[in-house]
Amino acid sequence: MKTIKGPAIFLAQFAGDDAPFNSLDSIAAWAAGHGYKGVQIPSWDSRLIDLKRAAESKTYCDEIKGILAENGVELTELSTHLQGQLVAVHPVYDEMFDGFAVPEVRGNPAARQSWAVEQLHLAAKASRNLGVTEHGTFSGSLAWPFLYPWPQRPAGLIDSAFDELAKRWRPILDAFDEAGVDLCYEIHPGEDLHDGVTFEMFLERLGHHPRCNILYDPSHLILQQLDYRGFLDVYADRIKMFHAKDAEFKPNPKQGVYSGYQSWTERAGRFRSLGDGQIDFKHIFSWLAANDYDGWAVLEWECCLKHPEVGAREGAAFIRDHIIEVTERAFDDFAGGGTDEAANRRILGLD
């Protein structure tokens, strides 16, 4: 068994134009001050990293690691959630997703998609240069507008969407394989990979590519009313990253999973700060410890009620208190009989 690494924090929701959130040096110091040991960096945020430079320069990557080390933290992974989203965009979302890309490709879906693919290739090289072995992203979505089949979906529509999705991602996954990095898709509503079935549909089309893995975030599963505990058992071999994020689902006579177009505070399903929701983190951390999870426990803070800095402060303590320092010996070793194979055979009456 292995002791989970952590606590760590995903910086995407905290980076900003004001100190201490406007540079890698100051935000790393802020994270360390709250007790975090690792940071997950959003690769699209130029205040924290220059992705192209990281892909091209090992020296620059050593500088990044040096800045983090000076502040008492280390890099857990990079993230390309926004760029990954743009690998596959249904036209209905073109205008809304344009803001995820650099200005020069906005309004041009083909150019935007090419830019996103290039970003993923850069991320593979940057991850290798930075010495990390996992990377988090989104799959994007071609089929999501057709999630609920009314009117009935034309025969083969979903197959065509997933065939195309796999075609777009295979060269990217090959690039991550060459870099020695696992590409971990966050299973998330709004993505074509939003549950176990859709992940399997994708994985099958990729010939079970070894670098196609999962970023496990139980909050997105409970809001869909999936068995987030059982999910761990089913996909144990593919879970390579973990976002510790809490949520609650409280259906009422007026709304359920779809939440009636309401704001986050009014939804039946809401993201909450760690410890304020319904996720059974004792079970999750126990499962990770028992199943040799070799990664980090990373806080992704999203809460419709609590102030982010309060959530960050409380989240570090929450993760630290849930990490299980695994034992190196069995609790009943004191009662061992010191038997050997010959003794075992005698005990069984075989000799």
Side-chain angles (χ1 to χ4, degrees), residues 10-13 15 40-46 48-49 51-52 55 77-124 126-127 134-147 158 161-173 175-176 181-195 198-199 201-203 205-206 211-217 219-221 223-224 241 243 245 264 271 298 300-302:
F10 186 27
L11 298 178
Q13 285 84 3
Q40 187 177 97
I41 296 179
S43 67
W44 62 85
D45 197 319
S46 60
L48 306 181
I49 190 172
L51 182 60
K52 188 173 188 296
E77 305 96 0
L78 296 179
S79 153
T80 52
H81 282 74
L82 300 194
Q83 302 100 310
Q85 183 76 61
L86 300 182
V87 171
V89 177
H90 187 279
V92 73
Y93 297 117
D94 272 339
E95 187 168 345
M96 289 183 284
F97 280 144
D98 250 0
F100 287 6
V102 292
E104 51 266 35
V105 300
R106 293 174 188 170
N108 186 334
R112 186 187 61 205
Q113 199 263 346
S114 295
W115 173 84
V117 170
E118 180 186 18
Q119 287 280 295
L120 267 295
H121 281 272
L122 292 175
S127 294
E134 290 79 33
H135 180 87
T137 196
F138 278 150
S139 68
S141 56
L142 300 173
W144 183 257
F146 310 101
L147 177 69
I158 301 303
F162 274 80
D163 288 347
E164 177 64 22
L165 192 70
K167 178 183 176 181
R168 294 186 187 190
W169 277 104
R170 183 183 292 277
I172 299 171
L173 284 157
F176 274 85
V181 178
D182 287 320
L183 188 56
C184 303
Y185 296 93
E186 184 168 356
I187 305 302
H188 188 292
E191 309 302 315
D192 279 346
L193 307 190
H194 59 271
D195 60 10
T198 51
F199 177 75
M201 291 165 61
F202 183 62
L203 186 63
R205 285 166 168 79
L206 291 165
R211 296 298 179 180
C212 180
N213 290 292
I214 291 173
L215 191 170
Y216 175 72
D217 183 334
S219 69
H220 300 303
L221 306 184
L223 294 191
Q224 297 181 74
M241 289 177 63
H243 272 175
K245 187 169 69 179
W264 276 111
F271 297 125
V298 180
E300 184 184 20
W301 179 87
E302 290 180 349

*Aromatic ring proximity, centroids under 6.0 angstrom, His194 and Tyr185*: no
*Just by distance, do the side chain of Glu186 and the backbone of Thr137 share a donor-acceptor pair under 3.5 Å?*
no
*Report yes if some heavy atom in the side chain of Ile214 is under 4.5 Å from a heavy atom in the side chain of Leu193; otherwise report no.*
no
_How long is the straight-line distance from CD of Gln83 back to CD1 of Ile172, given to the nearest 0.5 Å?_
11.0 Å
*Could you tell me whether the side chain of Ser79 and the main chain of Ile41 form a donor-acceptor pair under 3.5 Å?*
no
*State, yes or no, whether a side-chain contact exists between Glu302 and Lys245 at a heavy-atom distance under 4.5 Å.*
yes
*asked:* Is any side-chain heavy atom of Val89 closer than 4.5 Å to one of Pro109?
replied: no
*Mark yes when over 12 heavy atoms from residues, nucleotides or ligands other than Glu95 sit less than 6.0 Å from its CD; otherwise mark no.*
no
_Apply side-chain hydrogen bond (donor to acceptor under 3.5 Å, both in side chains) to residues Thr80 and Gln119 and explain how you reach the verdict._
CA-CA 8 Å; Thr80 52; Gln119 287 280 295; over 6 Å; no
*What are the two closest heavy atoms between Ser219 and Phe271, and how far apart are they?*
OG-CE2, 3.4 Å
*Taking the side chain as every heavy atom from C-beta outward, state whether His90 and Ser141 have any atom pair closer than 4.5 Å.*
no
_Is the shortest side-chain heavy-atom distance between Leu51 and Trp44 below 4.5 Å?_
no
*Min side-chain heavy-atom separation Glu300-Leu215 under 4.5 Å*: no
*Aromatic ring pairing His81/His243, orientation class (parallel under 30°, perpendicular over 60°, tilted between)*: parallel
*Identify, with sequence neighbours excluded, every residue that meets ring-ring contact (aromatic ring centres under 6.0 Å, His included) alongside Phe97.*
Tyr93, Phe100
*Going from CG on Asp192 to CZ on Phe162, what distance comes out if it is rounded to the nearest 0.5 angstrom?*
4.5 Å
*Identify the heavy atoms of Leu11 and Pro42 that sit nearest to each other, and give their distance.*
CB-CD, 4.0 Å
_Ala55 to Leu122 - nearest heavy-atom pair and separation_ = CB-O, 3.4 Å
*4.5 Å side-chain heavy-atom contact, Tyr216 and Ile187*: no
